[in-house]
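Worksheet: the structure to be examined is printed underneath.
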Amino acid sequence: MAKTLGLEDLAEERAVSVVGVFSGPWDTGWPARDGAVLGFEDVFRAFSTSADAGELELLTADIGIFRDYTHIRKFLAECDAVYANCGPWAALLYLVREREQLDVRIIREVRTVGWVGYIWQEEVARHLERPGDQRVFPSRYARDLWDAAAPAVSCSRVYYPIVRRTSGHPRVVARSSGTVGFFSVLSQDKGFDYLPGVIAIMRDGGHHIDRLVLAGARADPALYDRVVTELSGMGVEVDFRGGLPNGEVRSLMAECHCIFFLSVSSIESLGRVIIEASEQSVPVVTTDFGAARDLVCTDFRIPVEYLSTASGSSDSAFPVARLDLQHWQPPAHLSADACYLPSVGDYLADAQKAPDVLFPPPAELQTRHRPLAFSIQCPVDGLQLANSLLEELAVLGAAPLHELLDLGGTLKQFLLSRDYNPRVSFRPASSTQVGVEETCVVSEVKAARPAVLAC
């Protein structure tokens, strides 16, 4: 039987015999890979690199094991620790571990703040987690909001091994090229509608901008037409590229004077665009929101006003703040050093060290003042729903076009079809530290650990 490491062991132990992670296929057939696919792939690469170096023994499984209970149980039973990634995958691993009473630690990710699969994951896991498990976040912002809204028994830390370093040195371009970029979904919650106003203020501040490169999905065609028409009227050439492979996106980033990342989204947790832009030595103009507060220097952050009430269903994204352009003065000079040092450098230094995430960090970040309070309401019992899913695994039996995306979509539809679509709410926090009791998860699920159905 595999050894279960308690928290008292983890400070001294520096190796785990067998670690389990999910493997590909990563080629979804789409030109661009979204953050979830990149996250799965990068976790796999990070642990594979450590296994090649002899730091751990790796056991891999494809996502398709979730269509067969026996395969899930076998995978868990052969590991000392499993990096469960996130969402429905992690929730089901917790449930099978409990049913079978297996000795295995589970490390789960919470990659975003208010998305249906992550909320279900946390509702299931909070009843079944054990000392030695870990809950992993991409940023202090995401960690602090979740720790207040849904406190966990397991260790909670900030770690996200999704950073891919570029080979060689970034190509140096003339920063007076006049080209700027927006590399995100072209939607309201991502701040796309603020682009004309931001560009106008930067031009007034002496920055030469005459061309805008857009790479991302047009989530709202009417919004896209309105923004592009306004920019054209300002004499800004708009170069729309749509969804592009990530390598091409980074090449485009390297040609830009600066990059805009204006998200105020309910599901924002990191802002991978910021990390990618820093790798190309290109400054980013962003919002004073979310993880950007930790990654980008003040002069490059646009002030925001948090909406007094912002709520919606967790299968959608919506703005939780508005940009306060009237009180923003753009930086006089744009440079990567001025934008990122030292914050992004610290983040990059911690990236892709897979063995480190198996153990609690030597010094945990302290909770800071949170400008937002986050809460969840759901009348449907997520744990009961998870048990019913294991009794009905046939719903996952249809052969998907792609294991990672289509099976995940099937699991999401299973939740929504049974009315599991929690409502998430955000409100400005008070001037003092928000306590757990002020942002607790509101649910009809009892806090006591329930009995788990036998398989």
Side-chain angles (χ1 to χ4, degrees), residues 31-35 37-39 41-42 45-46 138-139 160-186 190-192 195 198-199 202 207-217 236-263 268 270-287 290-297 299-302 330-331 333-352:
R33 298 181 187 179
D34 65 13
V37 177
L38 288 170
E41 182 179 8
D42 288 343
R45 288 186 175 186
S139 65
Y160 206 43
I162 62 168
V163 179
R164 293 182 178 177
R165 299 185 184 279
T166 55
S167 58
H169 298 286
R171 181 152 50 101
V172 177
V173 299
R175 294 305 181 202
S176 60
S177 63
T179 297
V180 294
F182 187 92
F183 301 92
S184 188
V185 178
L186 312 183
K190 293 291 188 177
F192 180 64
L195 265 178
V198 172
I199 290 176
M202 291 194 66
H207 296 284
H208 172 55
I209 298 175
D210 57 17
R211 178 172 176 260
L212 170 68
V213 177
L214 300 176
V236 176
E237 174 192 353
V238 177
D239 184 1
F240 174 65
R241 302 294 186 92
L244 293 175
N246 297 86
E248 291 186 29
V249 168
R250 295 189 181 205
S251 295
L252 281 174
M253 285 182 171
E255 299 175 4
C256 291
H257 180 53
C258 75
I259 290 166
F260 298 115
F261 182 72
L262 307 179
S263 178
E268 201 64 65
L270 174 65
R272 186 179 176 115
V273 170
I274 297 173
I275 307 297
E276 292 173 335
S278 74
E279 289 180 311
Q280 309 305 318
S281 295
V282 179
V284 62
V285 172
T286 185
T287 54
R293 295 162 59 90
D294 292 327
L295 296 173
V296 176
C297 294
D299 289 348
F300 291 79
R301 302 199 308 260
I302 301 171
H333 303 285
L334 298 176
S335 75
D337 285 352
C339 180
Y340 302 116
L341 291 181
S343 301
V344 168
D346 292 341
Y347 182 91
L348 290 170
D350 291 335
Q352 294 197 28

>> I'd like to know if the side chain of His207 reaches the main chain of Pro331, judged simply by a donor and an acceptor atom lying under 3.5 Å from each other, with no hydrogens or angles considered.
In response: yes

> Minimum heavy-atom separation for Leu270 to Ala291, with atom names?
Replying inline: O-CB, 3.3 Å

> How long is the span from the CG atom in Leu334 to the CD1 atom in Ile259, to the nearest 0.5 Å?
Replying inline: 11.5 Å

> What residues, two or more places apart in sequence or in another chain, satisfy side-chain hydrogen bond (donor to acceptor under 3.5 Å, both in side chains) together with Ser263?
Replying inline: Glu268

> Checking side chain to side chain contact (heavy atoms under 4.5 Å, CB included) for the pair Thr286/Val273: CA distance, chi angles, key distance, verdict?
Replying inline: CA-CA 10 Å; Thr286 185; Val273 170; over 6 Å; no

> Just how far is it from atom CG of Leu212 to atom CZ of Phe260, taken to the nearest 0.5 Å?
Replying inline: 7.5 Å

> Minimum heavy-atom separation for Val285 to Cys258, with atom names?
Replying inline: CG2-SG, 4.3 Å

>> Nearest 0.5 Å, please: how far is CG in Leu252 from CD in Gln280?
In response: 10.0 Å

>> Test of understanding: with side-chain contact (heavy atoms from CB on, under 4.5 Å), list the residues that count as partners of Val185, not counting sequence neighbours.
In response: Ser187, Lys190, Ala219

> Would Cys339 and Val284 count as a side chain to side chain contact (heavy atoms under 4.5 Å, CB included) if you check the C-alpha gap in whole Å, the side-chain angles of each, and the deciding distance to 0.1 Å?
Replying inline: CA-CA 7 Å; Cys339 180; Val284 62; 3.8 Å; yes

> Roughly how far, to the nearest 0.5 Å, is OG of Ser278 from CG of Asp337?
Replying inline: 11.0 Å

> Residues two or more places apart in sequence or in another chain: which of them pass salt bridge (Lys or Arg N to Asp or Glu O under 4.0 Å) with Asp210?
Replying inline: none

>> Test side chain to side chain contact (heavy atoms under 4.5 Å, CB included) on Tyr340 and Ile274; report intermediate values, then the result.
In response: CA-CA 9 Å; Tyr340 302 116; Ile274 297 173; 4.0 Å; yes

>> Between Leu186 and Phe240, does the side chain to side chain contact (heavy atoms under 4.5 Å, CB included) criterion hold? Intermediate values first, please.
In response: CA-CA 11 Å; Leu186 312 183; Phe240 174 65; 3.7 Å; yes

>> Nearest 0.5 Å, please: how far is CZ in Phe300 from CG in Leu295?
In response: 14.0 Å

> Is there a donor-acceptor contact under 3.5 Å from the side chain of Ser343 to the main chain of Asp294?
Replying inline: yes

>> So, using ring pair (Phe, Tyr, Trp, His ring centres under 6.0 Å) as the criterion, who are the partners of Phe192 when residues are at least two apart?
In response: Phe182

> Residues two or more places apart in sequence or in another chain: which of them pass side-chain contact (heavy atoms from CB on, under 4.5 Å) with Glu248?
Replying inline: Leu244, Pro245

>> Working to the nearest 0.5 angstrom, can you tell me the gap between Phe261 CZ and Ile275 CD1?
In response: 10.0 Å

> Looking at side-chain heavy atoms only, is the closest gap between Leu38 and Arg272 below 4.5 Å?
Replying inline: yes

> Considering residues at least two apart in sequence or located in another chain, which fulfil the side-chain hydrogen bond (donor to acceptor under 3.5 Å, both in side chains) criterion with Arg301?
Replying inline: Asp288

